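Note sheet for the following structure.
This is a predicted model, so every value here is computed, not measured.
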Amino acid sequence: MQLHHNNTYFEQKTFPITVICDGIYFQENIGSVFRLCDAFGVKKIILSGKNLVFSERKINKTSRSTHRHLPYEIILDKEDLIQY
């Protein structure tokens, strides 16, 4: 049986952790990062990199829709990322 967010009985916890992903450009890898961060209760994901392409359709295959409820931000400029 496939587990989903709706049929699990665990208390969901969020930890004050922000994951910064720089230079990940394969859509499948970005989707996997979303699933891992969701599983570990990460608060936010920041995606960065000059070759970053965010295709919701491709990411959805591996993220299993976690990208729709896990907060994320795309910061392409390195100086803005450092300031954040």
Side-chain angles (χ1 to χ4, degrees):
M1 179 171 115
Q2 178 70 37
L3 294 178
H4 299 280
H5 293 283
N6 299 334
N7 64 0
T8 57
Y9 303 107
F10 298 104
E11 179 184 339
Q12 186 174 4
K13 295 180 181 179
T14 302
F15 299 97
I17 298 171
T18 298
V19 172
I20 299 174
C21 300
D22 183 35
I24 299 177
Y25 54 89
F26 287 120
Q27 303 297 295
E28 296 82 4
N29 293 345
I30 294 171
S32 296
V33 167
F34 273 93
R35 284 182 64 195
L36 286 169
C37 289
D38 182 55
F40 285 101
V42 170
K43 183 177 179 182
K44 185 176 184 180
I45 299 173
I46 296 178
L47 302 168
S48 182
K50 64 179 182 176
N51 295 324
L52 178 68
V53 176
F54 191 89
S55 170
E56 189 169 327
R57 186 184 60 115
K58 287 185 178 182
I59 290 172
N60 191 45
K61 289 181 181 180
T62 53
S63 77
R64 303 258 176 117
S65 299
T66 55
H67 68 285
R68 293 186 179 146
H69 66 83
L70 187 65
Y72 69 92
E73 187 174 346
I74 297 173
I75 302 175
L76 296 178
D77 185 59
K78 296 289 184 198
E79 292 300 320
D80 291 342
L81 180 61
I82 292 169
Q83 289 299 319
Y84 180 83

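Pairs passing the ring-ring contact (aromatic ring centres under 6.0 Å, His included) check and including a residue from residues 33-55, sequence neighbours excluded, read F34-Y72, F54-Y72.
Q83 CD to D77 CG: the interatomic distance, rounded to the nearest 0.5 Å, is 10.0 Å. Distance CZ/R64 to OG/S32: 10.0 Å, rounded to 0.5 Å.
In this structure, S65 and R68 have side chains that are in contact, with non-hydrogen atoms separated by less than 4.5 Å. Side-chain contact between D80 and I82: absent, with no pair of heavy atoms (C-beta onward) separated by less than 4.5 Å.
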Identify all side-chain donor-acceptor contacts of residues 16-28 below 3.5 Å with residues at least two apart in sequence or on another chain.
residue	atom	partner	partner atom	Å
D22	OD1	K78	NZ	2.4
D22	OD2	K78	NZ	2.9
Q27	OE1	S55	N	2.7
Q27	NE2	Y25	O	3.4
Q27	NE2	V53	O	2.2

Expected list for residues 41-52: side-chain donor-acceptor pairs under 3.5 angstrom, two or more places apart:
residue	atom	partner	partner atom	Å
K44	NZ	E73	OE1	2.6
K44	NZ	Y84	OH	3.3
S48	OG	I75	O	2.8

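Here the closest heavy-atom approach between residue T66 and residue R35 is recorded as OG1-N, 3.6 Å.
Residues L36 and L70 do not share a hydrophobic cluster, defined by chaining ILVMFWY side chains whose heavy atoms lie under 4.5 Å apart.
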